[in-house]
Every structure is written in structure tokens, then in C-alpha cells.
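Okay, structure first, notes after.
Computation of the quantities below employed the complete heavy-atom set of this structure, encompassing side-chain atoms and omitting hydrogens, waters and symmetry-equivalent molecules. Counting from 1, the numbers follow the sequence of the chain as shown.
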Amino acid sequence: MSDDHDTTSPSTTTHSSPAVLQIRIDLDDTKPPTWRRLNLRADLTLDVVHQIIQDAFRWEDSHLHRFALGGSVWDRDAQLFLCPFDVAEGEEEGTPEEQVRLDQVLNDPGDVLRYVYDYGDDWQLRLRLEKVLSADPGTPPAVCVDGRRAAPPEDSRFEYMNDGLAALVEDPDRFEPAEVNEQLGRPWYALRARDVHPRLLELVNMLSITSEGAELGARLAALPDSSERPFDDDLRTALSAHLWFLDRAGDGGIPLTPAGYLRPAVVEEAATLIPSMSDWIGKANREDLTYPVAKFRESLVKRLRLLRKYKGALYLTRAGAAARDRPAVLFEHLAASITPPQERDRSVVDADLLMLAYAAITPDGELPLDRIAAHLTDLGYQYDDGQPIARYDVLHYETNVHDILVNIAEPPAGRRPRSQISAVASALARTALQR
């Protein structure tokens with residue numbers, strides 16, 4: 001097989017209608033040949049194609065990888081497409097793989113894309129476009145239709161070159177497309193197609209080895225592709241505390257005491273609207289002694305940036321003014337504000353994302369804090385003394401996503417579970433995760 005159709009730069013042309021690319025992937029330096037034939041959706045980005053290759057060859061994605069156009073990944077003149085680690089390390093000679101669609105590098109039958117996995121073992125593969133097929137919106141991202149021979153396992157280059165495949169696997173000739181397709185049907189692919197938060201994809205992948213993590217991924221994948229925004233009347237009810245603060249601040253500001261707290265009369269009125277006050281015992285007339293009110297006000301200023309403190313009073317920010325008495329605008333702002341930015345501390349991002357994931361699949365239910373804590377422990381987070389993350393530790397992370405979610409509900413009218421998630425809060429979580 002030759003590289004006659006290699007090019008040196010990705011095409012700016014993509015298929016205007018849904019298309020499937022039939023691609024044969026050959027593993028170099030294997031005798032007899034080891035290869036896979038896959039039908040891949042043309043709109044997949046190269047980071048997804050990387051994951052498909054990992055599943056097709058039963059590798060574990062535990063090493064670096066790279067794509068190249070116009071020659072080998074080690075050729076100086078080839079166009080390189082970089083994995084996230086190379087990008088994070090400051091590699092400038094290349095384009096991040098998640099920015100490139102498959103049909104930008106494989107457009108016409110005969111086109112070739114190169115790929116390397118594990119810079120040490122140097123498993124090099126050749127992706128050659130065989131056919132362009134039609135597709136419909138329900139076409140799965142990837143289907144394995146054929147192939148030959150088992151692939152060498154991870155970290156086996158030396159043994160493979162010296163002893164052959166028979167020394168590494170029980171049956172070198174065994175290959176079953178159905179086994180690959182079972183992997184390609186994992187929730188990760190359905191979630192990736194919806195463009196969910198990239199770190200959530202990583203979490204779903206890592207946690208899928210546990211039964212609870214696999215269940216989380218399956219339930220997230222089963223959610224509708226698009227989340228319709230709740231009706232305005234439902235939004236107005238669930239966001240009544242937020243709207244009340246915006247209305248008060250927009251009417252000349254909310255004066256604070258000389259010590260910087262809300263005045264007692266304001267605390268008393270706000271306490272009747274903030275959902276997390278439902279299980280509060282005692283008076284609610286001093287902000288410094290009424291924790292739920294203090295936390296709610298803090299979130300409006302610091303995380304949600306709807307209010308700002310200036311010269312002894314709270315005033316609307318530009319975002320707050322835009323959302324005043326406009327529940328739909330407020331809903332969209334909240335969704336954008338609680339989407340965890342990737343540059344934050346990784347443990348905080350992971351805790352936020354797990355909160356949002358369970359909120360998304362738990363409308364009118366209670367967040368499973370024990371399970372979220374167990375997931376964080378499974379991900380490797382623990383205390384310096386080796387103790388695992390516990391249920392209530394989750395609430396003390398440097399995050400207030402939990403507080404924001406539980407306060408998107410009807411005003412308190414009796415005791416309710418502290419981690420109860422309303423239907424509106426669940427819809428907000430789904431919207432945030434798909435940004």
C-alpha cells in the first residue's frame with residue numbers, strides 16, 4: 001500500500017451532507033498483516049478517532065499518540081495533529097487534534113492519514129480512505145465491519161519483534177468485529193457526539209471500570225440530545241430568590257450594615273425565599289448567624305457575578321441588569337456560570353462535574369453524595385493520611401455548585417432534603433454540561 005494520496009495540509013472542505021468514511025487501518029510492520037476496516041462518521045474530530053483506534057486495537061490509551069498528514073509522524077515536513085499532552089507541554093509544531101475533523105484530512109478515496117501510539121513502542125498505523133458512503137442523522141459514530149488478526153498488547157514491542165504475536169496472545173488469528181462494536185457502543189461516544197464538557201468525557205471513561213461509574217455513563221447517554229428550557233412560569237418560581245435580589249438591587253441598591261452584612265429586615269425577607277432555608281432552625285435576622293442566606297448572597301456576588309459590592313451596598317452587575325425580571329435570561333446566565341472552567345484546580349472541576357452529572361439525571365430527587373464521594377476516591381483523591389473522600393467532604397470542596405443547584409427550587413414550605421434537586425435545577429445542569 002502506498003502513500004500516493006498523502007497531502008501536506010488539511011482540507012478546508014468538509015462534506016456538506018451527512019457522510020460515512022469507510023477506512024482501512026493497517027498496523028505497520030506486522031506479518032501477516034493486522035488491520036481493521038471501520039465506517040466512521042465524517043464529522044468526527046481526530047481526538048474521537050484516536051479513541052476509536054484504541055478500541056479497535058484493544059489498547060488502553062495509556063501512552064502518547066499523534067496524527068500526521070503528508071508522511072510519517074516523525075517526518076519534518078508532515079503536518080502534525082497533537083494530543084492534549086503535547087499541547088499542554090507547549091508543542092507548537094502542529095494543530096490540536098480536537099480542532100480537526102476527519103473529513104478535513106481524508107476527503108477523497110486513496111487519501112492517507114498516519115498515526116502513532118506510544119512514542120516508545122512506536123506502533124505506527126496507516127488510515128486509508130476507501131469509500132465515501134451516505135449517512136443519516138442516526139448513524140452511529142463508528143462501526144467496525146471487518147479486520148484481521150489480534151493486535152499486539154500494550155508495552156510489548158520488544159517481545160513482539162523477537163518472539164512474534166503467538167508469544168503474546170492466546171490466539172493470534174482471532175478477531176471479532178462484534179467485540180470492537182461493543183466497545184464502540186460505550187456511552188463515551190454518545191456523550192462526545194453531544195459536545196459535553198471535555199473533562200466529563202474523561203471522567204466517564206475512567207469511572208466506567210466500576211459498576212456505579214458505568215451506570216452514570218449509561219444514564220447520561222440516555223438523556224435526550226437537547227434539553228428544552230423550562231417554561232417561564234416554572235423558571236420564575238424556581239428562581240424566585242435570585243429574581244428578588246436582582247429586583248431589590250436594581251431599585252437603588254441593597255444597603256449593607258457598617259460591618260458589611262445584609263440588614264436584619266432584608267435577611268428575614270430573603271430567608272422566606274431561599275430554598276436551603278427549609279431546614280434552618282432558629283431566627284433568621286442576622287446574616288452572620290444565618291449561614292444559608294450568607295452563602296446565597298456570596299454566590300450571587302462571587303460565582304454568579306450578578307451582584308457587586310460598592311460603597312456599602314449591593315448593586316447589579318451588567319449581567320444582573322440583563323437578567324432582572326427575565327427568568328429565561330437568568331437561566332442561561334446561571335448555566336454558563338456553573339460550567340466548570342478547565343483552568344481551575346482539577347479536584348474542584350471533578351467535584352463540580354460529578355455534582356452536575358448527577359443533578360442532570362436526578363430531577364426531583366436527592367443528590368447521591370456518598371456515590372459522588374466514592375467516585376472522587378476512585379479517581380485517586382484522598383487526604384494526606386490516606387483517608388478516602390467522605391459524604392460531607394464533598395460539600396466542603398472549594399465550590400458552591402451544590403449550593404447553587406439546591407437553591408434553584410420553590411421557596412421553602414416545610415422541611416426538604418438538603419441535597420434535593422428540582423426539575424429546573426436538573427435542566428440547568430444538563431444545559432451546563434452540554435456547553
Side-chain angles (χ1 to χ4, degrees), residues 235-249 254-257 259-309 313-314 316-317 320 323 327 330-331 333-335 337-338 348 351-352 355-356 358-359 362 364-369 372-373 390-426 428-429 432:
L235 288 176
R236 189 173 295 279
T237 298
L239 299 174
S240 57
H242 302 74
L243 293 167
W244 181 85
F245 268 93
L246 297 184
D247 188 60
R248 290 289 297 264
I254 303 175
L256 302 174
T257 67
Y261 295 110
L262 294 172
R263 292 179 176 178
V266 175
V267 174
E268 290 180 355
E269 190 169 354
T272 66
L273 298 170
I274 297 173
S276 57
M277 284 294 297
S278 65
D279 62 351
W280 187 254
I281 299 175
K283 293 183 177 180
N285 59 0
R286 287 182 53 180
E287 187 184 14
D288 58 333
L289 299 179
T290 312
Y291 179 78
V293 174
K295 287 292 291 182
F296 187 80
R297 193 255 282 204
E298 181 184 26
S299 74
L300 293 177
V301 175
K302 292 185 177 181
R303 182 68 181 268
L304 303 179
R305 301 185 183 280
L306 292 165
L307 300 178
R308 62 185 179 91
K309 186 177 178 180
L314 296 176
L316 294 176
T317 62
L330 179 57
F331 179 89
H333 177 81
L334 295 179
S337 299
I338 65 174
V348 177
D352 274 2
M355 287 276 191
L356 290 171
Y358 275 103
T362 316
D364 290 322
E366 190 172 359
L367 282 176
L369 299 182
I372 293 172
R391 172 187 176 88
Y392 288 104
D393 297 327
V394 174
L395 302 179
H396 298 294
Y397 264 77
E398 295 177 20
T399 174
N400 57 3
V401 164
H402 175 272
D403 296 326
I404 292 172
L405 290 173
V406 299
N407 279 315
I408 300 172
E410 295 183 4
R415 294 180 66 85
R416 63 198 299 266
R418 182 170 297 182
S419 295
Q420 184 77 15
I421 298 298
S422 70
V424 172
S426 182
L428 184 82

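- Within the 4.5 Å cutoff, side-chain heavy atoms of Val293 are placed close to those of Met277.
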Please evaluate residues Leu246 and Leu307 with respect to the criterion side chain to side chain contact (heavy atoms under 4.5 Å, CB included), reporting the C-alpha separation (whole Å), side-chain torsions for both, the decisive distance (0.1 Å), and the verdict. CA-CA 8 Å; Leu246 297 184; Leu307 300 178; 4.1 Å; yes

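- In this structure, Leu405 and Ala359 approach most closely via the heavy-atom pair CD1-CB, 3.9 Å.
- Distance check, rounded to the nearest 0.5 Å: CZ of Arg416 to CD of Glu410 gives 8.5 Å.
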Could you give me the CA-CA distance, side-chain angles and deciding distance for Asp403 and Glu298, then say whether side chain to side chain contact (heavy atoms under 4.5 Å, CB included) is met? CA-CA 10 Å; Asp403 296 326; Glu298 181 184 26; over 6 Å; no

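- Under the ring pair (Phe, Tyr, Trp, His ring centres under 6.0 Å) criterion, the residue pairs touching residues 282-304 are His242-Phe296, Phe245-Phe296, with sequence neighbours excluded.
- Here the closest heavy-atom approach between residue Pro412 and residue Thr272 is recorded as CD-O, 3.5 Å.
- Nearest heavy-atom pair across Ala284 and Val267 is O-CG1, 3.3 Å.
- The number of heavy-atom neighbours closer than 6.0 Å to CZ of Arg418, taken from other residues, nucleotides and ligands shown, is 12 or below.
- Under the 4.5 Å side-chain criterion, counting only non-hydrogen atoms from C-beta, Arg248 is in contact with Val266.
- Here the side chain of Ser426 pairs no donor or acceptor atom with the backbone of Ser422 at under 3.5 angstrom.
- Using a 4.5 Å cut-off on side-chain heavy atoms (C-beta onward), Leu334 and Ile408 make contact.
- Taking CG from Leu300 and CZ from Arg305, the interatomic distance works out to 12.5 Å, rounded to the nearest 0.5 Å.
- When all heavy atoms of Ser419 and Val406 are compared, the pair lying nearest together is CA-CG1, 3.9 Å.
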Evaluation steps, side chain to side chain contact (heavy atoms under 4.5 Å, CB included), between Leu256 and Lys309: CA-CA 9 Å; Leu256 302 174; Lys309 186 177 178 180; 3.7 Å; yes

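- No donor-acceptor pair under 3.5 Å is formed between the side chain of Asn285 and the backbone N or O of Glu268.
- A donor-acceptor pair is defined here as one N or O able to donate and one able to accept, closer than 3.5 Å; no such pair exists between the side chain of Thr317 and the backbone of Arg308.
- Side chains of Glu366 and Ile421 form no contact here, defined as non-hydrogen atoms less than 4.5 Å apart.
- Looking at Thr257, its side chain does come within 3.5 Å of a backbone N or O of Tyr261 through a donor-acceptor pair.
- Counting only heavy atoms from C-beta outward, the side chains of Met355 and Leu367 approach each other to under 4.5 Å.
- Using a distance-only test at 3.5 Å, with no hydrogens or angles considered, a donor-acceptor pair links the side chain of Arg303 to the main chain of Ser337.
- Rounding to the nearest 0.5 angstrom, the gap separating the CZ atom in Arg297 from the NZ atom in Lys302 is 9.5 Å.
- Contact annotation: the side chain of Leu428 approaches that of Ile338 to within less than 4.5 Å [non-hydrogen atoms, C-beta and beyond].
- In this structure, NZ in Lys295 is found 12.5 Å from CD1 in Ile274, a value given to the nearest 0.5 Å.
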CA sep, side-chain torsions, deciding dist, call: Leu330, Leu243, side chain to side chain contact (heavy atoms under 4.5 Å, CB included): CA-CA 8 Å; Leu330 179 57; Leu243 293 167; 3.8 Å; yes

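- Side-chain contact annotation: Asn407 with Ser276, donor-acceptor N/O pair under 3.5 Å present.
- Checking side-chain atoms of Thr290 against main-chain N and O of Glu287 turns up no donor-acceptor pair under 3.5 Å.
- Put simply, OG on Ser299 and CD1 on Ile404 are 5.0 Å apart, with the number rounded to the nearest 0.5 Å.
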